[in-house]
2 protein chains.
Amino acid sequence: MAKTDVLSLAILGMLAEQPLHGYQIRKRLGTELGPFRALSYGSLYPCLKRMVGAGLIAADESDAGRVSGSKRSRIAYGLTEDGERRLAEELANSGASAWDDDTFDVRFSLFTKTDSATRLRILEGRRSRLSERLEEVNEGLARVRERHDAYTTELHRHGLERVEREVEWLDKLIENERSATRGDNPSTASAGNN
Amino acid sequence: MAKTDVLSLAILGMLAEQPLHGYQIRKRLGTELGPFRALSYGSLYPCLKRMVGAGLIAADESDAGRVSGSKRSRIAYGLTEDGERRLAEELANSGASAWDDDTFDVRFSLFTKTDSATRLRILEGRRSRLSERLEEVNEGLARVRERHDAYTTELHRHGLERVEREVEWLDKLIENERSATRGDNPSTASAGNN
DNA sequence: CGTGCGATGTATCGTGGCGATACAACGCTC
DNA sequence: GAGCGTTGTATCGCCACGATACATCGCACG
């Protein structure tokens with residue numbers, strides 16, 4: 001029941017498709033999983049080591065990808081059974097940790113591996129989290145407005161707007177998810193808690 | 001000519017108004033400067049120490065704020081002359097480092113301390129940076145679209161949209177800045193380089 | 001033909017941000 | 001006067017990051 005950090009989760013999800021090299025993992029994480037996650041080697045390799053140590057992934061140095069007697073060192077990482085199990089656990093988790101700022105994107109990018117009820121719970125959780133934030137920021141904006149200059153105020157106003165947009169986006173997704181669920185399987189619809 | 005990190009810059013800017021305690025700095029940074037910057041003590045106090053060491057700020061333990069013979073330890077930090085000079089240097093800097101992702105917000109919140117030409121250069125620099133990103137993300141989106149599932153695609157589409165909104169926001173600000181400059185001082189208008 | 005550059009690939013080091021935590025005095029309420 | 005939330009300073013361990021080093025591969029260009 002050890003905790004899985006965001007990075008490990010993202011890697012777990014990527015390796016579920018196919019084994020990959022560290023280099024490829026880094027590259028894909030930069031492009032596939034949201035355009036904005038960078039990930040440097042200084043984070044990646046230690047993380048891979050940790051995961052190997054935890055038995056979640058296994059290193060394969062045989063390297064069937066190249067022809068010649070390649071002296072080049074290449075290590076392909078693949079999920080172990082424990083890794084698959086851990087991934088399944090994480091995918092089933094729809095608790096608060098699934099809609100944290102830093103986790104949500106990763107969870108979202110793995111939504112095809114998740115069932116509809118879990119998707120809906122995560123989306124709704126994320127939405128309510130942002131709603132809370134909306135109130136805080138609104139109060140903050142009022143105070144900034146009376147105490148600070150126009151630029152600072154504008155910065156806050158814009159920040160507020162960004163959160164509002166985010167909420168609208170989630171509303172759209174939730175609506176889609178609901179109607180899809182209604183279409184597929186009416187009995188599991190409207191499972192909203194929280 | 002030593003480099004000033006974002007954190008130091010933000011602190012420099014805040015202390016330019018008035019001397020403050022570490023506690024107050026942290027609190028204000030959480031509310032005033034964009035709603036989303038947290039800053040923990042684990043970052044703050046080491047940073048203050050560094051700044052004192054560099055002679056940018058000075059610690060004042062006399063504490064004229066309380067009445068009684070308060071045994072409570074309170075340390076007010078204020079700008080030194082070197083600190084003021086450094087702040088002025090940083091505020092005049094409109095190079096690429098001023099519109100980095102992590103710096104821009106802080107620079108923007110200090111815009112009232114900056115002249116209009118510098119403001120404009122920073123806004124335009126930021127804008128062109130985001131334009132580049134826009135193209136990258138667009139290409140990325142195309143590739144994701146053909147290779148990945150609907151959720152991952154949606155995540156990218158939404159990310160792209162966020163950047164587009166950001167650019168629109170900057171356009172509005174640039175327009176405002178230009179018309180204000182035209183009104184105040186026609187000779188400095190249209191100084192766009194980059 | 002070689003040479004030189006960019007992409008692929010693994011790996012580590014130092015700086016420093018962050019969360020947790022500890023400790024203490026203050027002020028307020030009940 | 002006991003308890004509790006706020007103000008206030010400070011440190012520790014973990015680990016993300018940027019920089020950097022090093023090696024091989026493939027390819028283009030003269």
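Residue numbering restarts at 1 for every chain, and letters A, B, ... go by the order of the sequence lines.
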Report all interatomic pairs (protein N or O, nucleotide N or O of nucleotides 10-15 of chain D) with separations under 3.5 Å.
{"unit_1": "dT11(D)", "atom_1": "OP2", "unit_2": "Lys49(B)", "atom_2": "NZ", "d": "2.8"}

Please report the distance, rounded to the nearest Å, between [atom1] in [X] and [atom2] in [N].
X         : N       : atom1 : atom2 : result
Arg26(A)  : dT10(C) : CZ    : P     : 12 Å
Leu39(A)  : dT10(C) : CG    : P     : 13 Å
Leu20(B)  : dT9(D)  : CG    : P     : 10 Å
Asp5(A)   : dC18(C) : CG    : P     : 17 Å
Lys27(A)  : dT8(C)  : NZ    : C1'   : 9 Å
Leu48(A)  : dT10(C) : CG    : P     : 9 Å
His21(A)  : dT24(D) : NE2   : P     : 17 Å
Asp100(B) : dG18(D) : CG    : P     : 11 Å

* Which residue pairs pass the ring pair (Phe, Tyr, Trp, His ring centres under 6.0 Å) test when at least one of the two sits in residues 105-140 of chain A, sequence neighbours left out? ->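 Listed by first then second residue: Phe104(A)-Phe108(A), Phe108(A)-Phe111(A), Phe108(A)-Trp169(A), Phe108(A)-Tyr151(B), Phe111(A)-Tyr151(B).
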The criterion is salt bridge (charged side-chain N to carboxylate O under 4.0 Å, His left out); which residues satisfy it with [X], sequence neighbours excluded?
X         : answer
Asp82(B)  : Arg85(B)
Lys27(B)  : none
Arg107(B) : none

* To do: Could you state whether Leu39(A) and Leu110(A) fall into the same hydrophobic cluster, counting links through intermediate Ile, Leu, Val, Met, Phe, Trp or Tyr residues with side-chain heavy atoms under 4.5 angstrom apart?
  =>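 Same cluster.
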* To do: Quick one: list whatever passes side chain to side chain donor-acceptor pair (under 3.5 Å) with Lys113(A), sequence neighbours left out.
  =>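 Lys113(A): side chain to side chain donor-acceptor pair (under 3.5 Å) contacts with Glu17(A).
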